[in-house]
Amino acid sequence: MNTVFTRDGIELAVAVTEPDRGARVAVVLLHGWCLSSEIYRHQSAALADQPVRVVSYDMRGHGRSGPAPQGTTSIAQVAEDLRTVIEATCADLPLVLVGHSLGGMTIMALAELEPKLFDPRVAGVVLVNTAAGDLHRATLGFPKRFADLVRTALGREFARRHRSHLRRGDGAVRRRITDALLARAILFGPDASRDDVRLGRRLICTTHSGIVEGFFVDLMRHDRHRALRHLQRVPVRILAGGRDRLTPPSHSRRIAVAVPHARLLVFPGVGHMIPLERAEELTREILDLARQAARSTAGALRIRT
């Protein structure tokens, strides 16, 4: 595990794997809100013996990375962090960027921040269980007439927990049975494996309350539909879960309209955790883009599938 320091001094825990014979393509894996790079455990294992450099890291305030100071829990900030990670770990290679949920939004924000990076450095983008905006209208699986009340209640509950946490001191985050049950119901489809569900519950239940509240506020403001135009010259894959309650397939379809050359895959019965629920399918899409990138830059790299 390596450490990359952000421009404001936050330590990011970064894992980099390099094939023995060197790589001509770098795959950068970005996780979602309240999760960590552990959600890519299946992809990291599958890519380990491929001729690509794999970069995965925990966003500020998540996993093994340093805390996110107040005022830095924003998609724009983590996009800036992504740029720093790219500069530190794979500035010498074409990139395939893979973003789950908040990670996908971070890629959009990077395109907004530095559009020139996407032509020609970024050779592929995979957007997984994500949205370009309008999350303030998400129903979370509830009837529309109750959705506004649920979102408002969630925001207030996240703020209350953060205030309570600050009063108690910055100690360990307590697990809650209700959180574990909600994580199972909201994150996953019915056929998810027990081990994958256990991982998702653990990550959700141990996320610092300040991270939960801070990013929730910014997620409700997220609007990067216009930034999608910077993906027009990049091969794009969009993966959605048919039973995703957080970012339903309608969000992915709207992205696909804005990026007409993109390939859209919707998995029936799958929830918000495609990296775990449809690990092989996601890996296949990543490798396909890596193969294309390698052919366009070197012509000689062969990637096994």
Side-chain angles (χ1 to χ4, degrees), residues 6 26-35 37 39-40 55-57 59-60 62 68 72-87 90 94-138 214-241 244 246-266 272 274-275 282 285-286 289:
T6 67
V27 174
V28 183
L29 305 173
L30 296 106
H31 66 78
W33 174 49
C34 300
L35 301 172
S37 57
I39 68 157
Y40 287 112
V55 178
S56 62
Y57 70 98
M59 292 186 184
R60 62 172 60 212
H62 293 78
T72 70
T73 50
S74 71
I75 298 170
Q77 179 62 66
V78 292
E80 178 65 46
D81 295 348
L82 170 59
R83 179 164 64 177
T84 298
V85 171
I86 290 172
E87 292 171 352
C90 47
L95 306 169
V96 174
L97 303 179
V98 183
H100 171 252
S101 194
L102 173 62
M105 300 171 205
T106 303
I107 294 171
M108 299 174 205
L110 181 64
E112 182 180 64
L113 175 69
E114 193 169 349
K116 291 182 180 180
L117 184 67
F118 286 74
D119 185 17
R121 279 292 314 287
V122 175
V125 168
V126 186
L127 301 173
V128 187
N129 296 117
T130 195
D134 295 324
L135 293 172
H136 62 287
R137 298 174 181 169
F215 277 105
F216 179 80
V217 172
D218 199 59
L219 285 166
M220 294 300 102
R221 296 192 293 242
H222 167 61
D223 182 2
R224 288 178 172 85
H225 289 101
R226 294 185 62 186
L228 295 174
R229 69 184 187 273
H230 302 304
L231 304 183
Q232 296 290 347
R233 300 184 66 179
V234 179
V236 176
R237 303 286 189 271
I238 307 167
L239 280 64
D244 187 344
L246 297 178
T247 52
S250 57
H251 289 286
S252 294
R253 294 189 180 101
R254 186 170 179 183
I255 296 171
V257 170
V259 189
H261 69 279
R263 178 181 177 184
L264 171 63
L265 299 173
V266 180
H272 188 68
I274 284 176
L282 174 55
E285 297 303 318
I286 296 170
L289 289 179

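All values below were derived from every heavy atom in this structure, side-chain atoms included, with hydrogens, water molecules and symmetry-related copies excluded. When a residue number appears, it is its place in the shown sequence, counting from 1.
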Using every non-hydrogen atom in the two residues, find where Pro235 and Leu289 come nearest and quote the distance to one decimal. CB-CD2, 3.6 Å
Interatomic distance, Leu97 atom CG to Leu29 atom CG [nearest 0.5 angstrom]: 9.5 Å
Nearest 0.5 Å, please: how far is CG in Leu239 from CG in Leu127? 9.0 Å
Would you mind writing out the side-chain donor-acceptor pairs for residues 112-126 within the sub-3.5 Å range, not counting sequence neighbours?
residue, atom, partner, partner atom, Å
Glu112, OE1, Arg224, NE, 3.1
Glu114, OE1, Arg83, NH1, 2.9
Asp119, OD2, Arg233, NH1, 3.0
Arg121, NE, Leu93, O, 3.2
Arg121, NH2, Cys90, O, 3.0
Arg121, NH2, Leu93, O, 2.7

If the condition is side-chain hydrogen bond (donor to acceptor under 3.5 Å, both in side chains), which residues does His272 pass it with, not counting sequence neighbours? Ser101, Asp244, Thr247
Nearest heavy-atom contact between Thr73 and Gly214 is OG1-CA, 3.2 Å
Nearest 0.5 Å, what's the CD1-CG distance between Ile107 and Leu82? 7.0 Å
How long is the straight-line distance from NE2 of His31 back to NE2 of His100, given to the nearest 0.5 Å? 11.0 Å
Check Ala109 against Ile75 and note the closest heavy-atom contact, atom names and distance. CB-CG2, 3.7 Å
Which distance, rounded to the nearest 0.5 Å, do you find between the NE2 of His222 and the OG1 of Thr106? 8.5 Å
For His261, the side-chain hydrogen bond (donor to acceptor under 3.5 Å, both in side chains) test, sequence neighbours excluded, returns none
Can you list the steps and then say if Gln77 with Thr6 is a side-chain contact (heavy atoms from CB on, under 4.5 Å)? CA-CA 10 Å; Gln77 179 62 66; Thr6 67; 5.5 Å; no
So, using salt bridge (charged side-chain N to carboxylate O under 4.0 Å, His left out) as the criterion, who are the partners of Arg221 when residues are at least two apart? Asp218
Output, in order, the C-alpha distance, side-chain angles, deciding distance and verdict of side-chain contact (heavy atoms from CB on, under 4.5 Å) for Val236 and Ile255. CA-CA 10 Å; Val236 176; Ile255 296 171; 5.8 Å; no
Minimal non-hydrogen separation, Val128 against Pro275, with atom names: CG1-CD, 4.0 Å
Which residues share a salt bridge (charged side-chain N to carboxylate O under 4.0 Å, His left out) with Arg226, sequence neighbours left out: none
Would you sort out whether Met59 and Phe215 count as a side-chain contact (heavy atoms from CB on, under 4.5 Å), showing the intermediate values? CA-CA 12 Å; Met59 292 186 184; Phe215 277 105; 5.6 Å; no
Can you pull the salt bridge (charged side-chain N to carboxylate O under 4.0 Å, His left out) pairs that have at least one residue in residues 248-261, sequence neighbours excluded? Asp134-Arg254
Can you list everything that forms a ring-ring contact (aromatic ring centres under 6.0 Å, His included) with His251? Sequence neighbours excluded, please. none
Are the side chains of His62 and Val78 in touch, meaning some heavy atoms are under 4.5 Å apart? no
Working to the nearest 0.5 Å, report the span between CG of Leu282 and CD1 of Ile274. 7.5 Å
Looking only at heavy atoms, what is the nearest atom pair of Pro260 and Gln232, with distance? CD-OE1, 3.8 Å
Test item: Leu219 and Met105 side chains (from C-beta on) under 4.5 Å apart, heavy atoms: yes
Applying side-chain contact (heavy atoms from CB on, under 4.5 Å), run through Leu30 and Tyr57 and close with a yes or a no. CA-CA 7 Å; Leu30 296 106; Tyr57 70 98; 3.3 Å; yes
Mind checking side-chain hydrogen bond (donor to acceptor under 3.5 Å, both in side chains) for Thr72 and listing every partner two or more places apart, or none if nothing turns up? Arg60
side-chain hydrogen bond (donor to acceptor under 3.5 Å, both in side chains) filter on Ser252, not counting sequence neighbours, yields none
